[in-house]
Structure formats: C-alpha cells, structure tokens
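Shown next, in structure tokens, is the structure this report addresses.
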Protein chains: 2
Amino acid sequence: MAILVKLQHYYWTKQLMSSAVANKKAIDLLKALAEPIRLKIIESLSNGEKCVCDLMQETDLAQSKISFHLKVLKEAGVITDRQSGRWIYYKLDIRALKSLQNWIKKLRKECLNETSSCE
Amino acid sequence: MAILVKLQHYYWTKQLMSSAVANKKAIDLLKALAEPIRLKIIESLSNGEKCVCDLMQETDLAQSKISFHLKVLKEAGVITDRQSGRWIYYKLDIRALKSLQNWIKKLRKECLNETSSCE
DNA sequence: TTGATGTATCAAATATTATTGATGTATGAT
DNA sequence: ATCATACATCAATAATATTTGATACATCAA
C-alpha cells in the first residue's frame, strides 16, 4: 500500500514513465484533461469545491453527462469527492497536475542538453 | 497572421482558454500527449532530433503507424519537421509544453486562494 | 411512509480515434 | 532511366469514448 502510494507520487518525475503501470497512470491523467467539458470543470473547480448541481447550472449540460465526466476525472486522480447530505462535492486534487508539471519540467531540462536540440 | 501567432502564444496563459479557438488548441495539445506511443515519441525526441526510421527502430512499430502519430503531434504543435534528402527529421517544439506548464501554474495559483480549497 | 431531490449508473446509439495493409511520391544511387 | 529507400496518405476496419434517455438509489422533508 505504502509502496503503491509512493509509486503514484513519483510516476512522472522519477521514472519518466518507463514502467507500464506508471505509463497508464500518466496517460489516464492526460486523457482526462484532453476534453473540453472536463477542462471547463477543472477550471471551475479551481475556484473551489462544487456540487454536481452547481456544475450543471454553470455549464448548462445534462446531469448524466456531467457525472460521466466527473467519473473520468476522479478515476484519473484529478478530483476527489465528498458527500454531504444529498449533495456530492467535488474538488481539485492539485497534486495530479503537479506531477504533470514535473514531467514537463523534466522534459524541458532534457531539451537543454547540447545534444538534444529542441525548438 | 501576426495576431494569430500572438493568440497561439498566449492561449493558455492569458485567457485561460476562454475563447473557442484557444480552447481548441489546448485540447489538441492535450489529446496529442494523451496516447502511449506519442508519449514515447515525445520522450525520445527530448534526446534530440530523429528521423522516422530511427523511431521505427526504437519502437519496433509499423511505419504508417508512426507517421500517423507524428502527424497528430505536428498538428498539435508539439513537434516540427525538416526534410534532409530522403529523411524527414522531427524535433520537439518545447514551447507547446511550456504553455501547458504555464496553464498548470496558473491553476495551481488559483487554488491557493483562501476561498478555493483544493486538495 | 410518501414524495421530491441530487446524483450515479446503465444500455443503446453515435462519434471519434487508431490500426492495418496497400498505394503513392519524392529522393538519391546505379 | 531504373530501382531502392524513406516517408506520407488512403480506405477499410477495429477499438474507444461520448452522448442520450431511462432507471436506480440514497437522502431528506412533510
């Protein structure tokens, strides 16, 4: 369990996604981000926790559609949820985005090598 | 033309993808990243320019498949190409990844507001 | 306990993306 | 001029993801 947590924590930064497991997590994260509705949800949640009903109002989309996208985001670790009465509140888990940021940082550093020549 | 370039340059950071054009660019970039073969290609190119034949050897994948993914990456602005004789060399355009990094930075900053409570 | 509300989930239909094998095109070597 | 190489592109198929409308479930209020 502890090992798994640690793996998840380092999957981008340490291994540059060389293992299959790490790769899957990374891809799931990117896929989760790569969709307009989900990106809107993420940006909305960056202003704070919201229930599904809030998101429905903001976006004017069907409930089942929003729930579907929330599920994708949750499974990718981008958001977490908590129940309060009838409402379920979602919030960003910024650590996922942080790991993505670290991966990019690593790549950019790689590109600075004299041999690597990126744009 | 100049306006378009400027738009592309700022699409993540300035507008947080509020315009439709900007949003499409952002999604295209994320979609381009969200696929295992393409991610491998990106990481390979972070070590320097490669021709298709190099990538074929490294990955042991069919040529048409690699070309397909290179096209997706190119259209998303993640890589650029140049021809030299019979070979076409691809390299990373790190600016695309930089813009993604900036977007994340912005989101994370947003999350630090007292009202926003992210994980 | 009944009914309304907030949300998840499901199955079917649709849309999008990726793979495959074949063919086309340009380049350079002979 | 012919041929092999390096790559792009295409059409058909397969695989995945999304949308939609319906239904199910839990919570709360009356």
Side-chain angles (χ1 to χ4, degrees), chain A residues 17 20 23-45 48-93, chain B residues 20 23-45 48-92:
Chain A
M17 302 169 303
N23 194 293
K24 176 159 191 339
K25 290 285 297 178
I27 295 295
D28 283 351
L29 173 53
L30 285 165
K31 271 193 197 157
L33 300 180
E35 206 281 337
I37 293 175
R38 293 197 289 266
L39 216 44
K40 278 219 180 73
I41 291 176
I42 288 173
E43 296 196 333
S44 172
L45 294 184
E49 213 181 38
K50 305 262 170 79
C51 62
V52 178
C53 51
D54 291 334
L55 294 169
M56 281 175 66
Q57 279 214 306
E58 281 182 23
T59 61
D60 200 35
L61 295 170
Q63 179 263 316
S64 67
K65 193 185 266 193
I66 292 191
S67 280
F68 167 76
H69 288 295
L70 286 170
K71 190 180 182 189
V72 174
L73 288 170
K74 187 179 163 190
E75 284 174 351
V78 185
I79 61 179
T80 58
D81 61 347
R82 84 185 161 82
Q83 182 155 10
S84 170
R86 287 185 266 188
W87 293 269
I88 299 189
Y89 289 94
Y90 286 90
K91 72 156 89 168
L92 270 190
D93 184 344
Chain B
N23 194 292
K24 174 154 190 344
K25 289 285 297 176
I27 294 296
D28 283 351
L29 173 54
L30 286 164
K31 271 193 196 159
L33 301 180
E35 205 282 336
I37 293 175
R38 293 197 289 263
L39 218 43
K40 277 220 181 74
I41 291 176
I42 289 173
E43 295 196 333
S44 171
L45 294 184
E49 213 180 37
K50 305 261 170 79
C51 61
V52 179
C53 51
D54 291 334
L55 294 169
M56 280 177 66
Q57 279 215 307
E58 282 182 22
T59 60
D60 200 37
L61 295 170
Q63 178 263 315
S64 68
K65 194 185 266 192
I66 292 192
S67 280
F68 167 76
H69 289 295
L70 286 169
K71 189 179 182 188
V72 174
L73 289 169
K74 186 179 164 190
E75 284 173 352
V78 185
I79 62 178
T80 58
D81 61 348
R82 85 185 161 81
Q83 182 156 9
S84 169
R86 288 185 267 186
W87 293 269
I88 299 189
Y89 289 94
Y90 286 90
K91 70 156 88 170
L92 271 188

Side-chain donor-acceptor distances from residues 28-42 of chain B under 3.5 Å, at least two apart:
unit_1	atom_1	unit_2	atom_2	d
D28(B)	OD1	K24(B)	NZ	3.4
D28(B)	OD2	K24(B)	NZ	2.6
E35(B)	OE1	I37(B)	N	2.9
E35(B)	OE1	R38(B)	N	3.1
R38(B)	NE	A32(B)	O	2.7
R38(B)	NH1	H69(B)	ND1	3.1
R38(B)	NH2	K31(B)	O	3.1

Let me have the donor-acceptor pairs involving side chains of residues 50-57 of chain B, under 3.5 Å, with sequence neighbours excluded, atom names and distances please.
unit_1	atom_1	unit_2	atom_2	d
K50(B)	NZ	S44(B)	O	3.2
K50(B)	NZ	S44(B)	OG	2.8
K50(B)	NZ	E58(B)	OE2	2.8
D54(B)	OD2	C51(B)	N	3.2

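Listed by first residue number, the stems of DNA chain D with at least three Watson-Crick or G-U pairs below 3.5 Å are C:1-30 with D:1-30.
Put simply, CD on Q57(B) is 13 Å from C1' on dA6(D), counting in whole angstrom units. The CD1-P distance, from I27(B) to dA17(D), rounds to 16 Å in whole Å. In this structure, the CD atom of Q83(A) is 11 Å from the C1' atom of dC25(D), given to the nearest Å. Atom CZ in R82(B) sits roughly 15 Å away from atom C1' in dT27(C) (whole-Å rounding). Rounding to whole angstrom units, CG of residue L73(B) and C1' of dA18(C) are separated by 14 Å. Between the P atom of dC7(D) and the NE2 atom of H69(B) lies a distance of 17 Å, rounded to the nearest Å.
Residues passing the side chain to side chain contact (heavy atoms under 4.5 Å, CB included) test with S64(B), sequence neighbours excluded: none. Not a single side-chain hydrogen bond (donor to acceptor under 3.5 Å, both in side chains) links T59(A) to another residue, sequence neighbours left out. Residues meeting the side chain to side chain contact (heavy atoms under 4.5 Å, CB included) test with I88(B), sequence neighbours left out: D81(B), Q83(B), Y90(B).
To the nearest 0.5 angstrom, E49(B) atom CD is 11.0 Å from I79(B) atom CD1. Interatomic distance, K91(A) NZ to L45(A) CG, rounded to the nearest 0.5 Å: 10.5 Å.
Comparing G85(A) and I37(A) along DNA chain D, the residue whose closest nucleotide (by nearest heavy atom) sits nearer the 5' end is I37(A).
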Grab the N/O contacts between the protein and nucleotides 14-16 of chain D below 3.5 Å, and write none if there aren't any.
none

Dump the pairs, protein N or O against N or O of nucleotides 3-10 of chain C, anything under 3.5 Å, distances to one decimal.
unit_1	atom_1	unit_2	atom_2	d
dT5(C)	O4'	R86(A)	NH1	3.1
dT5(C)	O2	R86(A)	NH1	3.4
dT7(C)	OP1	V52(A)	N	3.4
dT7(C)	OP1	I88(A)	N	3.3
dT7(C)	OP2	C53(A)	N	2.7
dA8(C)	OP1	Y90(A)	OH	2.4
dA8(C)	OP2	S67(A)	OG	2.4
dA8(C)	N7	Q63(A)	NE2	2.7
dA8(C)	N6	Q63(A)	OE1	3.3

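Side-chain contact check for V78(A) versus D93(A): every heavy-atom pair is 4.5 Å or farther apart.
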